[in-house]
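Below is one structure, written out as structure tokens; the observations come after it.
All values below were derived from every heavy atom in this structure, side-chain atoms included, with hydrogens, water molecules and symmetry-related copies excluded. Atoms within a ligand are numbered from 1 in the order they appear, just like the ligands themselves.
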Amino acid sequence: MIIKPRTRGFICLTSHPDGTALNIKNQIDYVQSKGTIENGPKKVLVIGASTGFGISSRIAAAFGSGAATIGVFFEKPAAEGKPGTAGWYNSAAFEKEAHEAGLYAKSINGDAFSDEVKQQTIDLIKKDLGTIDLVVYSLASPRRTHPKTGVAYASVLKPIGQTFSNKTVDFHTGVVSDISINPIESQEDIDNTIAVMGGEDWKFWMEDLHNAGVLANGVKTVAYSYIGPELTFPIYRNGTIGQAKNDLEATTTTINSILKDVNGEAYVSVNKALVTQSSSAIPVVPLYISLLYKVMKEKGIHEGTIEQMYRLFNDRLYTTDGTIPLDNEGRIRVDDWEMRADVQEEVAKLWSQATTENLEQISDIQGYRDDFFNLFGFNFDAIDYEAETNEMVQVPSI
Ligand code: NAI
Ligand code: NA
């Protein structure tokens, strides 16, 4: 079929198999250009492995460190004249490239929050790899069905305490407008968001993997968090999602005690704000990212998910002398360049100036758009979007 982008709000309903494959190939090329990650991981489980930081973690592990990888994700193949999801095509392309490079790569498509998928993953590890030495937890989801109680939780993106009013942008049209977001009405909004995006499911994974005896001595596990600038605090770090991130970060202590007898270590890495399917859904954040991109590109310090994940592995989790640099709260920081004072000062200045009229000049809104469409395999010069393509691409191991 011929596949064109079809968007609804911040969602792209279609994906292009050749464009997403090119996106994966570009990420692999980047990692190979950087060279081998010394002392890197060898058997890696990535939970949330199909898009964003998760697929880039999988690529960094496989092509930077020669790791065997198992990826868990929730994606859809093509059906009834509809293309598959971007994460499906990403995973198909990743496995094909990994297999050609002689690397073990298998995937599990299903609900990572469920006990069934956890058991399926354990069975696969036992059958093929024996143990795992790195578990990457990179899930982002708006809902979770609790595996023990069956309760379905939906997260919300709301401020706590008072209404938050600021600027936002529709990145398709470039229209900057004022937005007011009402605060939570009850504690339930916080509890639901923590139930979806907090640390409980990460803990369940590590408990189950540990009890099954499939964690190697010295295993590491890492989950991803975000802090960001003060101007997004009301909607992000001090909002409902921030409460979930606090819970996720606190879960490292619990997991460290679970992993004691295998000398395991749990970390949270605070990553940079980037265009992903999840971040485009958060109000105000796309305008911040488009200004941040402009400033960071001008300073020559811009990174995408693959640059971030390579740096996380090479300069943080697997350093030459084995020490992991942490902040005062015990977190890994690869948002260090985003949070540099000179970067934040310039973003804040641009933020106060931003209007519909000057946005194309003062921001990198075009870079935002390109990154957004690239996630779905669109806006690549090398792809002929008028040509027929085979949408029925399969993930080899599924
Ligand atoms: P994403 O939307 O690109 O990736 C989410 C992944 O989770 C996908 O692989 C998806 O298939 C998987 N997934 C979702 N629900 C699932 C389920 N029920 N079962 C199995 N798999 C499921 O998101 P992104 O942005 O890469 O986020 C990953 C983590 O990074 C999140 O914790 C996010 O908060 C964090 N982060 C994101 C930043 C950003 O700017 N995008 C910045 C810093 C941290
Ligand atoms: Na290293």
For N166 and W351, test the side chains for any donor-to-acceptor distance below 3.5 angstrom and give the result as yes or no.
-> yes

Among all protein non-hydrogen atoms, which one is nearest to [atom], and what is the separation to 0.1 Å?
atom                    : result
atom 37 (C) of ligand 1 : F53 CE1, 3.6 Å
atom 29 (C) of ligand 1 : S138 OG, 3.8 Å
atom 24 (P) of ligand 1 : T276 OG1, 3.8 Å
atom 32 (O) of ligand 1 : K245 NZ, 2.9 Å
atom 18 (N) of ligand 1 : D111 OD1, 3.0 Å
atom 31 (C) of ligand 1 : L139 O, 3.5 Å
atom 9 (O) of ligand 1  : S50 OG, 2.6 Å

pair [X]-[Y]: side-chain heavy atoms closer than 4.5 Å:
X    : Y    : value
E329 : E249 : no
V136 : Y224 : yes
L259 : E265 : no

Under 4.0 Å between a Lys/Arg side-chain N and an Asp/Glu carboxylate O for D327 and R333?
-> yes

D111 side chain vs V117 backbone, donor-acceptor pair below 3.5 Å | no

Examine ligand 1 and decide if any of its atoms is less than 4.0 Å from a heavy atom belonging to S225.
-> yes

Test item, R144 contacting ligand 1 (heavy atom, 4.0 angstrom) = no

Here the atoms of ligand 1 under 4.0 Å from any heavy atom belonging to F113 are 18 (N)

Which ligand 1 atoms does A49 reach within 4.0 Å, using its non-hydrogen atoms?
-> 9 (O)

Please work out whether the ring planes of Y30 and Y310 are parallel, tilted or perpendicular, with thresholds of 30° and 60°.
-> perpendicular

With sequence neighbours excluded, what pairs up with Y153 under the ring pair (Phe, Tyr, Trp, His ring centres under 6.0 Å) test?
-> none

Does an N or O anywhere in [X] fall below 3.5 Å from an N or O of ligand 1?
X    : value
L274 : yes
N271 : no
Y226 : no
F74  : yes

Can you tell which of S278, A112, A273 gets a heavy atom nearest to atom 2 (O) of ligand 1?
-> S278

Proximity winner for atom 7 (O) of ligand 1, if only heavy atoms of G110, S56, A140 are counted | A140

Going by the side-chain contact (heavy atoms from CB on, under 4.5 Å) test, name the single residue among Y385, F378, F376 that passes it with P5.
-> F378

D321: side-chain contact (heavy atoms from CB on, under 4.5 Å) partners, not counting sequence neighbours = T319, T323

